[in-house]
Amino acid sequence: MSTTESIPTEVTSGASFIVPLTAAPAVVAINRDMTTLRATVVQANPAEVVSRDDWNRLAGDVPFRQFDWQTGWWRHYSRSASRPWTITVRDGHGELVGLLPLFLQATPIAGRVLQMLGSGEVCSDYLTLMAVPGCESAVVDAVAACLSSEQGSHWDALVLDGVTAADQNIQLLRQALERAGHQSLVSQPYSTWRIALPPTWPEYVAGLSKRRRDWVKKLQKQYFDTGRAVARIITSEAELDAAWPMFQDLHQKRRTSLGESGCFASTEFDQFHTEQARVLLAAGQLRLHWVELDGQPAAVEYGVVAGRTLYLYQSGFEPTLGKHKPGWLNTIASVRTAIDQQLEVIDFMRGDEPYKASWLARPCPLNEVRVVGRHAIARLRQRVLLLGASVRRQWRKYHESSPTPETPTEE
């Protein structure tokens, strides 16, 4: 996609007030060392806006913020997204010090909505406004000024999904936009769930509830110690070629057994992750791990290793083997392998399924932050959306008369 527009806003860090941008860039604040930051909206293919090295320097060890994940997302989802809207922040030397990769999508009711790359069905967690350490406040001010300048007439809502409740950059951005006259709403629809791993497997097992601890020991003795269950992990492209279809098949079987369509029913999702698996393997970050039971693939997990954390992104298992607890077997193998590799955290990612706490995971709340444009039409659209949400809640409440289905025993 070619560049269609690039509109800068100049900001001197340490912002305390906002000046709307008209024809020329606006200096909106100063700080004591008069460091000038330049925030720019670039409506071009994000992969062409910032180099991989500069992008990843800001993204750090969070894989879902990194260049390959986010630009790959755009490559496969740009057909349904409207246009890219990347905000870069550079210092007086032209060095990248802040980055907020967005896209603008227009719908009849919601209007023109800015969202972060990686949003939607891919469910990228831990997204944020990326900034060089020590420059966070100035970068936030620059981005807020950019969004509130004449750029504010180009969008009706800014939706930041998959951000942690503790994300200081997002909190500061929301507050800065509120000071500029924007309304905002914060919801907390779900959490990610993280296990802080102890140094050894026996220590981990000792921390489980007595009932789960007994089950884990029983499964280990019955399946792993006898050789009936074998854990495998891919290490080469040839192994990935063979294992990836198996992963997709087991995921789809599990989800369809629950009456769901499964993630890989989506062409974009399928193509994005098939590509990402190879990218992650080449970077040494892919974790495609499965357990064979009596020589048959029984359960599989797809994840990413970054820093000292294993992010378990997606899983599946053979429903006909449910009596052998394949999901349990896979979690046992995953945790043991992670401890052996001296990882410090296993992250089950978003979703508040009860089994996660049973494996000693603790919640990390995620926020959805919605900022409303300042112009009248944006506020009208927001009122319509709130009214629609209220009607839907009342409708569900009225029709919720059937009993709650039992929680499946397998995970």
Measure from the side-chain N and O atoms of [X] to the backbone N and O of [Y], and report whether any donor-acceptor pair falls under 3.5 Å.
{"X": "N56", "Y": "F67", "result": "yes"}
{"X": "S149", "Y": "C146", "result": "yes"}
{"X": "K356", "Y": "R350", "result": "yes"}
{"X": "R278", "Y": "L240", "result": "no"}
{"X": "H375", "Y": "W155", "result": "yes"}
{"X": "E344", "Y": "L197", "result": "no"}
{"X": "S124", "Y": "G118", "result": "yes"}
{"X": "S257", "Y": "R254", "result": "yes"}
{"X": "E239", "Y": "T235", "result": "yes"}
{"X": "Q252", "Y": "S261", "result": "yes"}

Side chains of [X] and [Y]: closer than 4.5 Å at any heavy-atom pair?
{"X": "V216", "Y": "W359", "value": "yes"}
{"X": "D156", "Y": "V113", "value": "no"}
{"X": "I195", "Y": "F348", "value": "yes"}
{"X": "Q342", "Y": "R308", "value": "yes"}
{"X": "E95", "Y": "R57", "value": "yes"}
{"X": "L293", "Y": "F317", "value": "no"}
{"X": "F247", "Y": "Q314", "value": "yes"}
{"X": "E353", "Y": "W193", "value": "no"}

Cation over ring face, R212 and W328, 6.0 Å, 45°: yes
Cut-off 3.5 Å, side chains only: do [X] and [Y] have a donor facing an acceptor?
{"X": "D125", "Y": "T192", "value": "no"}
{"X": "T331", "Y": "Y355", "value": "no"}
{"X": "Q115", "Y": "D161", "value": "no"}

Taking it one step at a time, do N169 and M130 satisfy side-chain contact (heavy atoms from CB on, under 4.5 Å)? CA-CA 8 Å; N169 290 359; M130 296 178 274; over 6 Å; no
Taking all atoms of both residues into account, what is the closest heavy-atom pair of [X] and [Y], and its distance?
{"X": "L117", "Y": "P46", "answer": "CD1-CG, 3.7 Å"}
{"X": "L96", "Y": "L58", "answer": "CD2-CD1, 3.7 Å"}
{"X": "N45", "Y": "P84", "answer": "N-CG, 4.1 Å"}
{"X": "A378", "Y": "G373", "answer": "CB-O, 3.6 Å"}
{"X": "F224", "Y": "A229", "answer": "CD2-O, 3.5 Å"}
{"X": "P245", "Y": "A242", "answer": "CD-O, 3.6 Å"}

Test side-chain contact (heavy atoms from CB on, under 4.5 Å) on Q276 and Y302 and set out the steps. CA-CA 11 Å; Q276 282 301 306; Y302 160 50; 4.0 Å; yes
Nearest-0.5 Å distance that lies between atom CG in L147 and atom CZ in R374: 10.0 Å
Classify the ring geometry between W73 and Y77 as parallel (under 30°), tilted (30 to 60°) or perpendicular (over 60°). parallel
May I ask you to check whether W69 and Y313 place their ring centers less than 6.0 Å from one another? yes
Should E268 and E121 be marked as a side-chain contact (heavy atoms from CB on, under 4.5 Å) after you check the CA-CA gap, both sets of side-chain angles, and the distance that decides it? CA-CA 9 Å; E268 290 87 353; E121 65 183 8; 4.2 Å; yes
Take atom CG of L380 as the centre, draw a 6.0 Å sphere, and report whether it contains more than 12 heavy atoms from other residues, nucleotides or ligands. yes
Apply side-chain contact (heavy atoms from CB on, under 4.5 Å) to R370 and L385, showing your working. CA-CA 12 Å; R370 186 181 186 88; L385 289 172; 3.0 Å; yes
Salt bridge (charged side-chain N to carboxylate O under 4.0 Å, His left out), that's the test. Do D214 and K210 meet it? Break it down for me. CA-CA 6 Å; D214 290 344; K210 182 179 185 310; 2.9 Å; yes
Please tabulate, for side-chain N and O atoms in residues 281-291, each donor-acceptor pair with protein atoms closer than 3.5 Å (sequence neighbours left out).
| residue | atom | partner | partner atom | Å |
| --- | --- | --- | --- | --- |
| R287 | NH2 | Q341 | OE1 | 2.3 |
| H289 | ND1 | N330 | OD1 | 3.2 |
| W290 | NE1 | E292 | OE2 | 3.4 |

What do the steps show when you test K253 against D249 for salt bridge (charged side-chain N to carboxylate O under 4.0 Å, His left out), and what is the final call? CA-CA 6 Å; K253 282 183 176 178; D249 179 55; 3.5 Å; yes
